[in-house]
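Residue numbers begin at 1 in each chain, while the letters A, B, ... track the order of the sequences.
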Number of protein chains: 2
Amino acid sequence: EILAAIEVALADGPLKGRRVLVTSGPTHEPIDPVRYIANRSSGAQGTAIAEALRDLGAEVVFVTGPADAPRPTGVEVIEVETAREMRAAVLAALPVEAAVFAAAVADWRMAAENGSKIKKQAGKLPTLEFAENPDILAEVSQMSEGRPELVVGFAAETDDVLANATAKRARKGCDWIVANDVSPATGIMGGSENAVVLISEDGAEEWPRMGKRAVAAQLAERIAVALGG
Amino acid sequence: EILAAIEVALADGPLKGRRVLVTSGPTHEPIDPVRYIANRSSGAQGTAIAEALRDLGAEVVFVTGPADAPRPTGVEVIEVETAREMRAAVLAALPVEAAVFAAAVADWRMAAENGSKIKKQAGKLPTLEFAENPDILAEVSQMSEGRPELVVGFAAETDDVLANATAKRARKGCDWIVANDVSPATGIMGGSENAVVLISEDGAEEWPRMGKRAVAAQLAERIAVALGG
């Protein structure tokens, strides 16, 4: 960790002095004190992006849900559990010049969290009522004041990846969408490789399948160019 | 691992030659290809019990859900994800002389798993329909043939621990219930200590709060006595 800190202090890349935000990992949404809804994001891609931005000299704020991936060193790490906690941490981290929303934020939470464990009762099934979680990507993309110069969203899709991701970019108002196919057959969710399509106002650019670190390095370079670094 | 294997080969304790089963960890119940329902069981207590039984010379089959705790060495490890997979692994592991069901098995799964990621739609919340999972503890406790000599269940409660656990023992038909209070305030779920009550036909016996390894050692000794080891 000390070595990593020294490396960062010495890093003199194109993003030196630029403050960037990366979100990563899943969120967990409590059902009751022992149960929760989760998703299969390992945090590997978000962590690799934070490291790649750090290596280009950026000052990185890393907001992460309860992810399996080890935390990156040489960055400011903020741990959260739920989507609402992630939103609060993101807003507190602003202003930044670029924000990369790589976290797999739960779309829904329980409408009311049970303070006690839901008991199993013979012949009775529980009914869970949902409420929509805050849409952090849309909120930051559409800020009228203090919006990051570059906002990058992620789209994890299992069907019609390109169409869904292109529509998502327009709907959220972000600058880029990094789209990928997380169908179980691809082995991407939880795996070490990724195959992404970068969607911007210039259209869709398909990147070859490569390691998550390579995807991160290429994305960080593109962010540096976009910020005029 | 080699050292652990040697230790096991040399172990000449009261459970030498006895085959026992331990289940551990949470189960994950898929909602769609990326989302699932989980629970906060770390697998620490189940892992410690498997190790303690191994140290008394037992031949241990360890069936574990996706737990954070490192797997025990010197035992047969079978990894599962869902309650249905755990049931199949448990039945395949029989016959055993004692079965300790320390896993936090999900009571419910989705009635129908979605093959594609559920999409967020404006103004629409998803409705999840549940089905009851197999009750592995009750099924094994009530086997008319090949029932383990000793069946131990766990009860993780947040309210009325003693009453709920005593009722659970009668309902399931197991010999012992190891009950504990997993209210968030206790710090037990995910922590290193446990405070349990052992419920048997002789009544309830409250153990002092101690480390999970100490609870495991004491439980293993009691199992050895019960099996006449």
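- Residue A/Glu206 places its CD atom among 12 or fewer non-hydrogen atoms of other residues, nucleotides or ligands, all under 6.0 Å distant.
- Of the listed residues (A/Ala131, A/Pro126, A/Ser116), the greatest number of heavy-atom pairs within a distance under 4.5 Å of chain B belongs to A/Pro126.
- Comparing B/Ser183, B/Ser41, B/Ala156 by how many heavy-atom pairs each has under 4.5 Å with chain A, the most go to B/Ala156.
- Of all the listed residues (B/Asp68, B/Asp107, B/Thr127), the one sharing the greatest number of non-hydrogen pairs under 4.5 Å with chain A is B/Asp107.
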### Message
With salt bridge (Lys or Arg N to Asp or Glu O under 4.0 Å) as the criterion, how do B/Lys212 and B/Glu51 come out once you've worked through the C-alpha distance, each side chain's angles and the decisive distance to 0.1 Å?
### Response
CA-CA 11 Å; B/Lys212 286 181 177 175; B/Glu51 291 169 339; over 6 Å; no

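- Between chain A and the residues B/His28, B/Arg35, B/Arg40, the largest count of heavy-atom pairs under 4.5 Å involves B/Arg40.
- Using a 4.5 Å cut-off between heavy atoms, A/Ile31 contacts chain B through its side chain alone, with no backbone atom that close.
- Contact of A/Ala111 with chain B is not made at all, since no heavy-atom distance falls under 4.5 Å.
- In this model, a donor atom of one side chain and an acceptor atom of the other lie less than 3.5 Å apart for B/Thr73 and B/Arg54.
- Heavy atoms of A/Pro26 lying under 4.5 Å from chain B are absent altogether.
- No salt bridge links A/Lys119 with B/Asp160; every basic N to acidic carboxylate O contact stays at or beyond 4.0 Å.
- Under the side-chain contact (heavy atoms from CB on, under 4.5 Å) test applied with B/Val90, the options B/Leu137, B/Ile136, B/Val61, B/Ile78 reduce to a single match, B/Ile136.
- Interface remark: A/Lys168 contributes no atoms to any contact with chain B (heavy atom separation under 4.5 Å).
- Ionic pairing of B/Arg71 and B/Glu79 is present here: one or more N-O contacts between side-chain nitrogen and carboxylate oxygen are shorter than 4.0 angstrom.
- The candidate with the highest count of non-hydrogen atom pairs below 4.5 Å against chain B, out of A/Ala38, A/Ala104, A/Pro30, A/Ala106, is A/Ala38.
- Using a 4.0 Å cut-off between a side-chain N of Lys or Arg and a carboxylate O of Asp or Glu, A/Lys117 and B/Asp159 do not qualify as a salt bridge.
- The candidate with the highest count of non-hydrogen atom pairs below 4.5 Å against chain A, out of B/Asn164, B/Ile118, B/Leu128, B/Val34, is B/Val34.
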